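Notes follow once the structure below has been shown.
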Amino acid sequence: MITKPKGTKDIYGIEAKKWQYVSKVIDEVMEKYNYDFIRTPVFESSELFHRGVGQTTDIVTKETYDFTDRGGRNMTLRPEGTAGVVRSYIENKMYGNDNKPTKLYYNMPMYRYERPQKGRLRELTQFGMEILGTDDPMSDAEIISLAVNIYKILGLKQIKVNINSLGDEISRNNYRNALIKYFRPHINELCEDCHERLEKNPLRIIDCKVDKDKEVMKMAPKTIDYLNEESKQRFEKVKEYLEVMGIDYAVDPTVVRGLDYYNHTVFEIEAKVEGFGAQNVIGGGGRYNYMVEQLEGPKTAAIGFASGFDRLMLALEKENIDILVNNSVDLFLLYVSEDEKKYAAYLLNDLRMHGFIVETDYLNRNLKSQFKQADRLNSKFTIVLNDNDLKNNEVKIKNNATKEVEMVSLDALIYYLDENLTEEVCDCNLHDHGCNCEK
RNA sequence: GCGGAGUUGGUGAAGUGGUUAACACACUGGUUUGUGGCACCAGCAUGCGUGGGUUCGAUUCCCACACUCCGCCCCA
């Protein structure tokens, strides 16, 4: 048997319906926030990720799917979304659009060559959004609130938002140097991974899980202390806007993020649900004011957020949030004779073209089994076609909820279904998004 | 890349070096030749992750590999 590659997943059945539902909610929310959908190629020149994401990040140095195409070009399956979006922004000269800033969102698969475990796959789906062309702290607050609000609308309650600021380039460099200066004499007190980090990416020592409780760590320089006045004020502004929007957050100086391109605001959103597993960060992001330039575009400030779709689904499951999945059909047609079957074929086509969800038996089952099938599909109505009824131009239709059976003339069937299938709508403000209110 | 656990049908699972791999759910058919969802009866893995090896004989023992899960690193 041929099996799926390691770290990949088939999404089908109820799970697929849930994915479609969550995607739809994301689309709806993004539309309200006026973000445009973008889809970029699954593979890009390897160089894009080396320059965009950074040479010292693990996802570029040891986790990419690289290949050489038949023309000898070095290609990489995208490990994250931002670099491709920025490339597209530059290549398509979106900075020239009159509509500024540029607000984009995506929902697409990413690829990282990792050892899979719960909440971590080699092919993962991320949705995310970017605002390019403004450095206004309000845009930082918008991205964070937007992320939180999507989770909120989906029903997640047990999430925690951690934010921090790395400051501008000068602040970040000062901080980096301070870290090196501080940790060098203490190198032997740190774990082995941190030895390497000291040279490569000293910021990451700060969020090391092995050393986090050691004395050296408690005395270590904090990002906040190395922000210059401008960066500090900027961070204050971001927090003010978040407070106005009613977004709960915590300032966590250990949030430094693994991707090289961040500066100023960085943030992570974690699921605080019991039994979620080690991979509990469901989303994260930050500001990247230098990436566009680094990829040879005009100097453009930008901020973005990305969320793991699979981890989001896991969080919804762990919080026992029932996603309302339409798992029923309007009408099931039953038949026995060949003439009845023919009429079923006609009705099936006709009613579907009128917008009803209609099903029938395709396996020439006996009546009892057809009824079973109708039940399995949660059909709201059933019609047992009957040659005699058809001669009189009518059908016997049964409402499966009330068990009432009525004779309806064929001419009035569509009208009858229209009348009886009207949905009750609750008026809570989340009912479009699968509220759990009592109807 | 490193460490650990696991892999029996559509599903949940029991089990053994030896002629028929329990049990339950689901499914299919019948009792009931056109109104079901109940009940009863019957059927339903020539195979126990894949490939080798040991053996008269392996699902069971050994080895390798694959995949899943847990943890590290890292990240979503």
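Everything numeric here is computed off the predicted structure, so don't read it as measured data. All chains are named by letter (A, B, ...) in the order of the sequence lines, taking the proteins before the strands, and each is independently numbered beginning at 1. Every heavy atom of this structure was used, including side-chain atoms; hydrogens, water molecules and symmetry mates were not.
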Could you measure between the two C1' atoms, the one in B:C70 and the one in B:G15, and give it in whole Å? 27 Å
When you compare the side chains of A:Arg287 and A:Ser139, does any donor N or O come within less than 3.5 Å of an acceptor on the partner? yes
Return the CD to CD1 distance between A:Glu268 and A:Ile159, rounded to the nearest 0.5 Å. 13.5 Å
Measure centre to centre between the rings of A:Phe43 and A:Tyr65, then say whether the value is under 6.0 Å. no
Per A:Arg376 side chain, nearest of listed nucleotides B:G34, B:A76, B:U28: B:U28
Check: A:Glu270 side chain, B:A76 base, donor-acceptor under 3.5 Å: no
So what does A:Lys403 hit on the nucleic acid, given a heavy-atom distance under 4.0 Å: a base, only sugar-phosphate, or nothing? base
Heavy atoms only, 4.0 Å cut-off, all strands: where does A:Gly81 land among base, sugar-phosphate and nothing? nothing
Could you tell me whether A:Val384 contacts a base, only the sugar-phosphate backbone, or nothing, with contacts defined as non-hydrogen atoms closer than 4.0 Å? base
Would you please indicate if the ring centroids of A:Tyr106 and A:Phe37 are separated by under 6.0 Å? no
Which whole-number value in Å describes the distance from A:Gln117 CD to B:G6 P? 18 Å
Confirm from the modelled atom types if A:Arg120 and B:A76 form a donor-acceptor pair under 3.5 Å, side chain to base only. no
Interatomic distance, A:Leu367 CG vs B:U35 P [rounded to whole Å]: 7 Å
Base B:C75 paired with A:Arg311 side chain (donor-acceptor, <3.5 Å): yes
Short side-chain N/O contact from A:Arg115 to OP1 or OP2 of B:C73, under 4.0 Å: no
When the C1' atoms of B:A45 and B:C25 are considered, how many whole Å apart are they? 16 Å
Options B:C75, B:C67, B:U28, nucleotide nearest the side-chain atoms of A:Lys4: B:C67
Which one, B:A76, B:G29, B:G34, comes nearest to the side chain of A:Asp387? B:G34
When you compare B:G52 with B:C73, how far apart are their C1' atoms, in angstrom units rounded to a whole number? 34 Å
So, is A:Thr125 close to the B:A76 phosphate, meaning a side-chain N or O under 4.0 Å from OP1 or OP2? no
Can you tell me whether the side chain of A:Lys368 and the base of B:U31 have a donor-acceptor pair closer than 3.5 Å? yes
Any donor-acceptor pair under 3.5 Å between the side chain of A:Lys118 and the base of B:G71? no
Sequence neighbours left out, what passes salt bridge (charged side-chain N to carboxylate O under 4.0 Å, His left out) with A:Arg122? Give chain and number order. none
Consecutive-pair stems (3 or more, Watson-Crick or G-U, under 3.5 Å) for RNA chain B: B:1-7 with B:66-72, B:10-12 with B:23-25, B:27-31 with B:39-43, B:49-53 with B:61-65
With a 4.0 Å limit, can you tell me whether A:Lys372 has a side-chain N or O closer than that to the phosphate oxygens OP1/OP2 of B:G37? no
Does OP1 or OP2 of B:G30 have a side-chain N or O of A:Asn366 closer than 4.0 Å? yes
State whether the distance check finds a donor on one side and an acceptor on the other, under 3.5 Å, for side chain A:Glu340 versus base B:G34. yes
